[in-house]
Q: 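So that we are looking at the same thing, I have put the structure below in structure tokens.
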Amino acid sequence: MPDLTDIPGIPELWARTLGDPGITIAVIEGPVELERACFQGANLTKLEPYWQENIEIDKKYIDKYQEALKEHDKQVEKYEEGAGTREQLVAEREAELDKDIPSPIRQRLELTFHGNHICSVIFGQHGSPVAGLAPKCRGINIPIGFDADSAYSTLNLTRAINLAFEAGANIIHVSIGLPTQTGETDELLARAVRQCQENNILVVSPAGNDKGECWVIPSILPGVLAVGAMKDNGQPFKFSNWGGRYQEQGILAPGENILGATVGTDEPIRKKGTSCSTPIVTGIAGLLMSLQVQRGAPPDAEAVRAAILNSAIPCDPKEVEEPERCLRGKLNIAGAFQLLTGESLTSVAPSSAETIRLTSGAVELLPQPLSYPGAIPEQIAPSFTSGEGGQGGLGEVTASATPSETSLSSPAISALSNSSATPLTASQPADAVTPSQRSNLVYALGTLGYDFGSEARRDSFKQLMPGVNIDGTMVPANPYDARQMVDYLDGNLSEAKSLIWTLNQELTPIYALEPVGAFAADVYEVLLQMLAGQVEAEDSDDYIERVSVPGRLSDKTVKLFSGQEVPVIKLQNVRGMYGWRVNSLVSAAVDTVRSQAAGADEQAIQRSLSSFLQRIYYDLRNLGLTSRDRALNFAATNAFQAASTFAEAVARGMELDSIEVEKSPFCRYDSDCWDVKLKFFDPENSRRAKKVFRFTIDTIDTVPVTLGQVRSWSTPY
């Protein structure tokens, strides 16, 4: 693709908008060099990942890497595209680079190159070496990591998506693809993506370059806009993935000879792949959302996604040998514009006799207006109702499903916008809800663990811990045995400081815990008590099934013995630290409301409350960073408040249906209040109205607190 303006529809779309600063595009990528010329004047910032420390790079390595890139481009021409050849080229290139550049630095440079290239395609300023698609949109670069291990971590990807959500993104561009054979992923990541979709955020991600019916996360997840790559001649690349859910939610876009920024220099470079085609779709989506905002409407992520997919041009089997590789079809900018606005895409600015193209990076106005009267095939063209005033409106569009449920398999255009969704964006009407600002407060649930960090530290514990008598034979201590560690620390509490204490979810460490301040010794003692409770028999009254940990996220990370880096939470006191067992917690909570539900079935209350706690931990588990998630986690530890909501509903024979958390419209001054809504249904009568109970939680402090009384009402849905 010689220039972006050679993509049909780009000049005409630019004539209407170059992007709106009210539309925020978060790019989860490698770390971008903001000093590159193409980013000068761009509204682009970088959020450093709190889960990993940056790697400094000497300029000599940048020079060597640039030389290697040029040599690599020469070698590419020697290989034919097909099985084995690209892998061979990559292996040879990495082996050659490793001779001159240490592997961690090489990986850091690879990620920076990738980040520069992708971000320049979206945000590159016109008149600079790289003219991007949406130069006026607000951009946020969120580096997922600085080495290969951290960049391809499901946990880090979850953290980055959550960070983008908190930053007010309208579009989240995820360049990282994690291979999957099943299309399933960790629930934490799936939930982070669903949270974005439920809050009017479009997630765009490449289909991957694995040469076949293969999938990657997150592009295969429901509701994500997946992007494949095609050549300049319109043929799909053989390496571009296809199949499965891609056939419904995937779009094919130009992915060859895409001009973008590189590392350490302002001289651009041309690359190919699904990672190069995806920012084109992201940029187009940003422009379409910008048009929505400029016309006085809120940005509608699902309307934009549906317009792009439903306007796609299917591949002709007579022209494409394997049309299934085209996914839903080829990108059709004019068609997407018409579906979204009800208008034909023609050049309108600065006059009807002029259009736009780029010449040497500069914008030039030319005569020769372009129009696309046949942008949408007649057999799928929808009818539109004009917007307010009948002129220039966005059209009246409806939807009856969430992004993950919207059917896009029919050629008929049925649903373009999700009018019921509440936008959570940086540019909102005055009465709209916006996501909370990112804070360093954490209130997370999980289990305790410990780590040594190194073999030397592990061996030092092994030598200091007393041996164990097993059937009359003394055997060396095993520092990995939590029972032995508890016994040792019970008499040597000061040694607890030499361990890396971790908070785990499903055996995966998500945080390191660091007691600090005047009460650090008390915190270590509580950690020891919690660990001791975890190793008790499950039928013991002292058994601890889960713990809750409030603290503050620091700017430090620590490397575990496995090589995983995790962020550090500072614990200043024991307030809010609880170790609890589901059954004991349920029993205690039921006792507190027995007087309120004298006629209720206590077993039913226990069953409903157990379901509530288990669902928060397993189905809704989270990192406890956002205000919303801290409110949800606190609701689990404050089961007494939850039990009081169950009393009336369970007494009427109802069962727990769903748990929702939303920003509270009423709050104290200088607080951060969230409503936890528990919805119940009658399992024996589906026509009976559902009952909703709500209680409010203020998350402004390290330990959240409940406010006011429980409220309830009936709802038909």
Side-chain angles (χ1 to χ4, degrees), residues 1-13 77 79-86 206-216 219-220 225-258 270 272-278 280-281 284 305-340 344-346 370-382 407-414:
M1 186 62 61
D3 276 310
L4 292 179
T5 47
D6 291 324
I7 301 176
I10 291 293
E12 293 69 41
L13 200 52
E77 299 175 1
Y79 289 84
E80 294 181 357
E81 184 181 293
T85 58
R86 291 175 65 84
N209 307 318
D210 302 304
K211 303 181 189 159
E213 194 172 2
C214 310
W215 313 313
V216 297
S219 57
I220 196 62
L225 182 55
V227 183
M230 66 180 175
K231 302 178 183 179
D232 289 345
N233 62 9
Q235 292 288 321
F237 273 109
K238 292 290 185 181
F239 58 70
S240 184
N241 294 348
W242 58 278
R245 199 175 280 123
Y246 285 166
Q247 307 310 113
E248 293 185 358
Q249 64 185 45
I251 192 83
L252 205 66
E256 185 175 20
N257 294 315
I258 305 300
R270 294 187 183 273
K272 65 182 178 181
T274 58
S275 289
C276 297
S277 59
T278 305
I280 290 176
V281 174
I284 297 300
R305 171 181 173 271
I308 291 173
L309 289 173
N310 285 332
S311 63
I313 302 173
C315 283
D316 187 343
K318 298 178 182 178
E319 300 176 357
V320 178
E321 182 179 352
E322 298 174 288
E324 61 270 19
R325 291 184 178 274
C326 291
L327 312 184
R328 190 168 177 82
K330 298 179 181 178
L331 177 67
N332 179 6
I333 297 173
F337 177 86
Q338 184 175 342
L339 285 180
L340 198 65
S344 295
L345 184 60
T346 56
L370 299 177
S371 64
Y372 294 84
I376 303 178
E378 292 183 3
Q379 64 269 26
I380 67 170
S407 173
L408 298 171
S409 58
S410 170
I413 310 301
S414 59

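FYI, the numbering just counts along the sequence from 1. Just so you know, these numbers come straight off a predicted model, no measurement behind them.
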Q: With rounding to the nearest 0.5 angstrom, report the CH2 to CD distance, Trp242 to Glu213.
A: 4.0 Å
Q: What are the two closest non-hydrogen atoms of Lys330 and Gly234, and how far apart are they?
A: NZ-O, 2.8 Å
Q: Testing the basics here: between Ser311 and Gly335, what is the closest heavy-atom pair and its distance to 0.1 Å?
A: CB-C, 3.4 Å
Q: Does the pair Gln235 and Val320 meet the rule for a side chain to side chain contact (heavy atoms under 4.5 Å, CB included), with working shown?
A: CA-CA 7 Å; Gln235 292 288 321; Val320 178; 4.0 Å; yes
Q: Are any side-chain N or O atoms of Ser219 and backbone N or O atoms of Val216, one a donor and one an acceptor, separated by less than 3.5 Å?
A: yes
Q: If you round to the nearest 0.5 Å, how far is CG of Leu309 from CZ of Arg328?
A: 6.0 Å
Q: Measure from the side-chain N and O atoms of Asn241 to the backbone N and O of Ala207, and report whether any donor-acceptor pair falls under 3.5 Å.
A: yes
Q: Side chain to side chain contact (heavy atoms under 4.5 Å, CB included) for Lys238 and Glu321? Distances and angles first, verdict last.
A: CA-CA 11 Å; Lys238 292 290 185 181; Glu321 182 179 352; 4.2 Å; yes
Q: Looking at Lys231 and Pro236, what are the two nearest heavy atoms and their distance?
A: CE-O, 4.5 Å
Q: Would you give the length of the straight line joining atom OG of Ser277 to atom CG of Leu252, rounded to the nearest 0.5 angstrom?
A: 7.5 Å
Q: I need the Ile7 CD1 to Ile333 CD1 distance, nearest 0.5 Å.
A: 6.0 Å
Q: Can a donor-acceptor pair be found, under 3.5 Å and without considering hydrogens, that links the side chain of Thr274 to the backbone of Pro206?
A: no
Q: Nearest heavy-atom pair of Ala253 and Val281: which atoms, and what distance?
A: CB-CG2, 3.7 Å
Q: I'd like to check the salt bridge (charged side-chain N to carboxylate O under 4.0 Å, His left out) partners of Arg325; sequence neighbours left out, ordered by chain and number.
A: Glu322
Q: How long is the straight-line distance from CD of Gln249 back to CD of Gln247, given to the nearest 0.5 Å?
A: 10.5 Å
Q: Give the minimum heavy-atom separation between Asp232 and Glu256, together with the two atoms involved.
A: N-OE1, 2.8 Å
Q: Taking all heavy atoms of Tyr246 and all of Trp215, pick out the closest pair and write down the distance.
A: OH-CA, 3.6 Å
Q: Keeping Asn332 on the side-chain end and Ile313 on the backbone end, is there a donor-acceptor pair under 3.5 Å?
A: no
Q: Roughly how far apart are Arg245 CZ and Leu327 CG, rounded to 0.5 Å?
A: 14.0 Å
